[in-house]
Amino acid sequence: MTARRKKVALAIAALADAVQLGLFPVFSGGVLSVPDDVLDAAVAVALVVTLGFRWQLVAALAVELVPGIALFPSWTVFVAMLPTLPATEPKLPADSSGS
């Protein structure tokens, strides 16, 4: 995953966590809250489109279904834990002078 994709995914995750925290009374029901389920499904789809399928996102979705977890920024934490590909340096041609 590139650094740019991770930044986009972090923005999506942080926005979702901010909405869940800001509107806590609406989202506090966990698996019993329809708005929470809709938001979590939308975030999961957006992250899969952005990052591709990752098992860590399945775990994040499972954690989000637990009532009361909306106070913990789980989407942001799970995305932040994903590894990023290092920036590649241009390869120099091998020294063919024969010395």
Side-chain angles (χ1 to χ4, degrees):
M1 157 181 34
T2 64
R4 181 181 173 130
R5 285 185 178 266
K6 186 168 184 175
K7 287 178 187 176
V8 170
L10 276 172
I12 293 167
L15 180 63
D17 287 333
V19 167
Q20 285 179 326
L21 185 59
L23 300 174
F24 178 69
V26 176
F27 294 107
S28 64
V31 76
L32 302 176
S33 171
V34 174
D36 189 42
D37 294 343
V38 170
L39 178 65
D40 288 336
V43 171
V45 168
L47 291 177
V48 167
V49 168
T50 304
L51 302 172
F53 179 80
R54 311 257 179 199
W55 282 107
Q56 293 92 334
L57 296 178
V58 175
L61 183 58
V63 168
E64 283 288 334
L65 294 177
V66 177
I69 293 292
L71 288 176
F72 182 74
S74 52
W75 285 119
T76 305
V77 169
F78 277 96
V79 171
M81 289 177 13
L82 294 173
T84 306
L85 292 174
T88 57
E89 295 180 18
K91 303 223 183 222
L92 298 175
D95 185 18
S96 61
S97 61
S99 30

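Residues L61 and W75 are in side-chain contact: their nearest non-hydrogen atoms beyond the backbone lie under 4.5 Å apart. Side-chain contact between Q20 and D40 is present, with at least one heavy-atom pair separated by less than 4.5 Å. For the pair D17/L21, no side-chain contact is recorded, criterion being any heavy-atom separation below 4.5 Å from C-beta on. Here the side chains of V77 and F72 are in contact, with some heavy-atom distance below 4.5 Å.
Rounding to the nearest 0.5 angstrom, the gap separating the NZ atom in K6 from the OG1 atom in T50 is 13.5 Å. From L51, atom CG reaches atom CD1 of I12 across 7.5 Å, with rounding to the nearest 0.5 Å. To the nearest 0.5 Å, the span separating CG on L15 from CG on L10 amounts to 12.5 Å. Interatomic distance, CG of L39 versus CD of E64, reported as 8.0 Å (0.5 Å rounding).
Scanning all heavy atoms of the two residues, the minimum distance from G52 to L57 falls at O-CD1, 4.2 Å. Across V43 and A16, no two heavy atoms sit closer than the pair CG2-CB, 3.3 Å.
Both V79 and V48 are members of a single hydrophobic cluster when ILVMFWY side chains are connected at heavy-atom separations under 4.5 Å.
Annotation for R54: atom CZ counts as buried by contact number, over 12 foreign heavy atoms lying within 6.0 Å.
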